[in-house]
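Here the structure comes first, spelled out in structure tokens, and everything after it is commentary.
Order of appearance sets the numbers: ligands from 1, and atoms from 1 within every ligand. No experiment lies behind these values; they were computed from the predicted model shown.
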Amino acid sequence: MAGIVVIGTQWGDEGKGKYIDILSSNTDYVVRFSGGNNAGHTIVHDGVKYALHLLPSGILRKNITCIVANGVVIDPAVLLMELDRLESQKVERAALYISDRAHVIMPWHIVLDGLQESKRGKDGLGTTKRGIGPAYSDKTERCGIRMGDLMDAEAFKEKVYANIEIKNAIIEKVYGGEPLDPEKIIADYLGYAERLKPYVRDVNSLIHVALEQGKTVLFEGAQATFLDLDFGTYPYVTSSNPIAGGVCTGAGVGPKMITEVLGVMKAYTSRVGAGPFVTEQINEIGDTIRELGHEYGTTTGRPRRCGWLDAVMLKYAARVNGLTGFCMNHLDTIGKLDSIKLCVNYKLDGKIIDYYPANLKELERVEPVYEEFESWKGVDISKVRSFDDLPEAAKRYVRRIEEITGVKMKYIGVGPEREQTIVM
Ligand code: GDP
Ligand code: IMO
Ligand code: MG
């Protein structure tokens with residue numbers, strides 16, 4: 001039995017999709033357990049780029065099974081669009097199953113996400129406006145609609161009518177928006193239901209039978225530790241639990257079934273949307289990292305905020321997730337700078353602190369303590385496949401990250417392609 005969890009250790013876009021794709025060559029199942037189409041996971045294979053939002057990143061492997069589990073919120077139109085796109089690209093894809101317990105993103109969720117963001121004005125969270133927050137709110141408020149409901153036309157209609165009056169009242173009276181037409185929603189969604197029916201079922205039994213049979217199940221994280229609703233930089237977070245613990249509730253497996261927790265990280269830090277970012281470089285360095293790393297959002301196309309690697313964040317991520325290893329990306333990118341800085345400590349009001357502040361006012365006052373590293377500018381490492389063949393400066397940088405965090409590097413990415421990976 002192997003239950004391997006792959007999660008993000010920073011603010012997302014660490015390159016989780018690439019590692020899931022790589023690791024799924026030795027996997028039987030890939031399970032998405034949280035988030036929705038706020039995620040954008042890029043896989044580059046033979047120069048062809050695939051951007052996945054809802055489909056698990058194992059979908060490009062034809063001999064495995066992919067599962068979208070209960071913890072995910074699903075926009076059925078997006079799911080169908082992704083399936084159609086793979087078909088038009090003639091991809092021989094993995095089998096797919098979708099949990100009947102997963103919540104459905106409804107049009108009012110998307111409308112409300114946009115209206116709430118506009119209302120917050122300059123204090124906006126910078127959400128992806130995909131309806132994620134409102135869908136999870138309805139889940140906890142217990143008025144959500146699940147995939148199982150969508151498969152039952154009568155139950156679905158009832159639930160749309162049970163919701164629409166209050167949703168339209170909020171849209172119109174609180175935010176001054178346009179009300180939604182329930183008949184149109186029902187017609188559209190029942191159309192999606194027809195096409196999605198073959199995929200929707202109980203998936204928890206599938207996962208457990210697989211684990212009992214000694215198969216390898218990979219749990220694919222979306223978002224990341226610092227976007228976690230409880231452990232991230234609240235309120236500048238997403239509305240789910242993307243940390244390793246989210247697998248237990250988001251896919252229905254016990255902690256003892258998790259045998260490995262891999263934390264994906266970049267050799268620097270990036271963030272999309274608003275919120276604190278201690279090592280952010282709003283200067284030429286940040287701009288250079290953005291251009292060298294092509295740091296533009298996979299989902300929204302927004303330029304990503306960029307800065308130095310923050311080992312304080314990584315240490316916290318190691319604890320919160322119980323990391324057993326790191327998968328690093330973009331070692332090629334960071335080596336193109338003139339020199340490299342690594343944040344090794346936080347100083348608050350002149351004193352080094354040993355925790356990650358929850359209080360955003362404290363976090364604003366934090367001063368990063370940096371160590372500086374020489375770079376390996378001019379040496380192309382994109383074809384290196386063994387750690388020993390890396391320039392000494394690159395090895396020193398990697399070893400120092402391991403030393404500070406107490407977590408070993410398992411894989412190092414030196415380019416976006418599947419093959420551009422060093423296995424430690
Ligand atoms: P995810 O959301 O965590 O799956 O990450 P994204 O796909 O949103 O962003 C990661 C970006 O980095 C994508 O454009 C990848 O193709 C790219 N990428 C991943 N690993 C590497 C690497 O090692 N080097 C370089 N240069 N690019 C990488
Ligand atoms: P992947 O899986 C980066 C960010 C948004 C915003 C905040 C809340 O590709 O790493 P939401 O729409 O979730 O309510 O937005 O979270 N965010 C991400 N940033 N990568 C992601 O996913 C993200 N998913 C959400 O930019 O700041
Ligand atoms: Mg992404």
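- The distance criterion of under 3.5 Å between nitrogen or oxygen atoms is not met by K49 with respect to ligand 1.
- Checked by atom type, the side-chain pair T128/R130 shows no donor-acceptor distance below 3.5 Å.
- Cation-pi contact between R305 and F277: absent, since separation from the ring centre below 6.0 Å together with deviation from the ring axis within 45° is not met.
- In this structure, the protein non-hydrogen atom closest to atom 10 (C) of ligand 1 is D13 O, 3.6 Å.
- For atom 15 (C) of ligand 1, the nearest non-hydrogen atom of the protein is T42 CB, 4.1 Å.
- Salt bridge annotation for K159-D138: absent, with no cationic side-chain nitrogen under 4.0 angstrom from a carboxylate oxygen.
- Among all protein heavy atoms, the one lying closest to atom 20 (N) of ligand 1 is K18 NZ, 3.0 Å.
- The side-chain contact (heavy atoms from CB on, under 4.5 Å) test with I404 singles out one residue from L314, L342, V312, and that residue is L342.
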side-chain hydrogen bond (donor to acceptor under 3.5 Å, both in side chains) between R304 and T298, worked out:
CA-CA 10 Å; R304 294 174 181 154; T298 311; 3.2 Å; yes

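- Applying the 4.0 Å criterion to heavy atoms of H330 picks out, from ligand 1, the atoms 12 (O), 17 (C), 18 (N), 21 (C), 22 (C), 23 (O), 24 (N), 25 (C), 26 (N), 27 (N), 28 (C).
- The nearest N, O or S atom of G40 is closer to the Mg ion (ligand 3) than 2.8 Å.
- Taking the ring centroids of Y346 and Y356, they lie under the 6.0 Å cut-off.
- Residue contacts with ligand 1, taken as heavy atom pairs separated by less than 4.0 Å, do not involve V264 at all.
- Put simply, no part of G12 is less than 4.0 Å from ligand 1, judged by heavy atoms.
- Ion pairing of E371 with K341 is absent here, as no side-chain N (NZ or NE/NH1/NH2) approaches a carboxylate O to less than 4.0 Å.
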For ligand 2, output the ligand-protein N/O contacts shorter than 3.5 angstrom; if there are none, return none.
| unit_1 | atom_1 | unit_2 | atom_2 | d |
| --- | --- | --- | --- | --- |
| ligand 2 | 2 (O) | H41 | NE2 | 2.7 |
| ligand 2 | 2 (O) | Q223 | N | 2.8 |
| ligand 2 | 9 (O) | D13 | OD1 | 3.0 |
| ligand 2 | 9 (O) | G40 | N | 2.9 |
| ligand 2 | 9 (O) | G40 | O | 3.1 |
| ligand 2 | 10 (O) | D13 | N | 2.8 |
| ligand 2 | 10 (O) | K16 | NZ | 2.7 |
| ligand 2 | 12 (O) | T128 | N | 2.9 |
| ligand 2 | 12 (O) | T128 | OG1 | 2.5 |
| ligand 2 | 13 (O) | N38 | ND2 | 2.9 |
| ligand 2 | 13 (O) | T238 | OG1 | 2.6 |
| ligand 2 | 20 (N) | D13 | OD1 | 3.2 |
| ligand 2 | 20 (N) | D13 | OD2 | 3.4 |
| ligand 2 | 22 (O) | Q223 | NE2 | 3.4 |
| ligand 2 | 24 (N) | Q223 | NE2 | 3.1 |
| ligand 2 | 26 (O) | G126 | O | 3.4 |
| ligand 2 | 26 (O) | V272 | O | 3.2 |
| ligand 2 | 26 (O) | R302 | NH2 | 3.0 |
| ligand 2 | 27 (O) | G126 | O | 3.4 |
| ligand 2 | 27 (O) | V272 | O | 3.1 |

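- For N329, heavy-atom contacts with ligand 1 shorter than 4.0 Å involve the backbone as well as the side chain.
- For ligand 1, the polar-atom distance check against K266 finds no nitrogen or oxygen pair separated by under 3.5 Å.
- Between D13 and K266 no salt bridge is recorded (no basic side-chain N to carboxylate O distance below 4.0 Å).
- Within ligand 1, counting atoms from 1 as listed, the ones closer than 4.0 Å to a heavy atom of G413 are 23 (O).
- Remark: ligand 1 atoms within the under-4.0 Å shell around heavy atoms of G415 are 20 (N), 21 (C), 22 (C), 23 (O), 24 (N), 25 (C).
- Ring centroid separation for the pair H330 and Y268 comes in under the 6.0 Å cut-off.
- Nearest to atom 16 (O) of ligand 1 among the protein's heavy atoms is P416 CB, 3.4 Å.
- A donor-acceptor pair shorter than 3.5 Å cannot be found between the side chains of R146 and H103.
- Note: F226 and Y316 meet the aromatic proximity criterion, with ring centroids under 6.0 Å apart.
- Near T333, the atoms of ligand 1 lying under 4.0 angstrom from a non-hydrogen atom of the residue are 26 (N).
- With respect to the Mg ion (ligand 3), D13 has OD1 as its nearest N, O or S atom.
- The closest approach between Q223 and ligand 1 stays at or above 4.0 Å for every heavy atom of the residue.
- Checked for salt-bridge contact, E260 and K410 meet the test: a charged N lies under 4.0 Å from a carboxylate O.
- The backbone N or O of A358 sits nowhere less than 3.5 Å from a side-chain atom of E362 that would complete a donor-acceptor pair.
- Residue-ligand proximity: E14 is placed with a non-hydrogen atom under 4.0 Å from ligand 1.
- Taking 4.0 Å as the cut-off between side-chain N and carboxylate O, D21 and R418 count as a salt-bridged pair.
- Of the N and O atoms on the side chains of T238 and N38, at least one donor lies less than 3.5 Å from an acceptor on the other residue.
- No N or O atom of L331 sits closer than 3.5 Å to an N or O atom of ligand 1.
- Heavy-atom proximity to R304, at under 4.0 Å, picks out these atoms of ligand 1: 8 (O), 9 (O).
- Atoms of ligand 1 found under 4.0 Å from any heavy atom of H41 (numbered from 1 in listed order, with element): 1 (P), 2 (O), 4 (O), 7 (O).
- In terms of protein heavy atoms, atom 2 (O) of ligand 1 is closest to G40 O, 2.8 Å.
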In sequence, state the C-alpha distance, the side-chain angles, and the governing distance for Y199 and Y97, and then conclude on ring pair (Phe, Tyr, Trp, His ring centres under 6.0 Å).
CA-CA 5 Å; Y199 305 109; Y97 295 105; 7.8 Å; no

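- Annotation: atom 26 (N) of ligand 1 to nearest protein heavy atom, D332 OD2, 2.8 Å.
- Shown in contact with G17 at under 4.0 Å from a heavy atom are these atoms of ligand 1, numbered in order with element: 4 (O).
- With Y234 as the partner, the side-chain contact (heavy atoms from CB on, under 4.5 Å) test is satisfied by one option alone out of L360, L227, D228, L229: L229.
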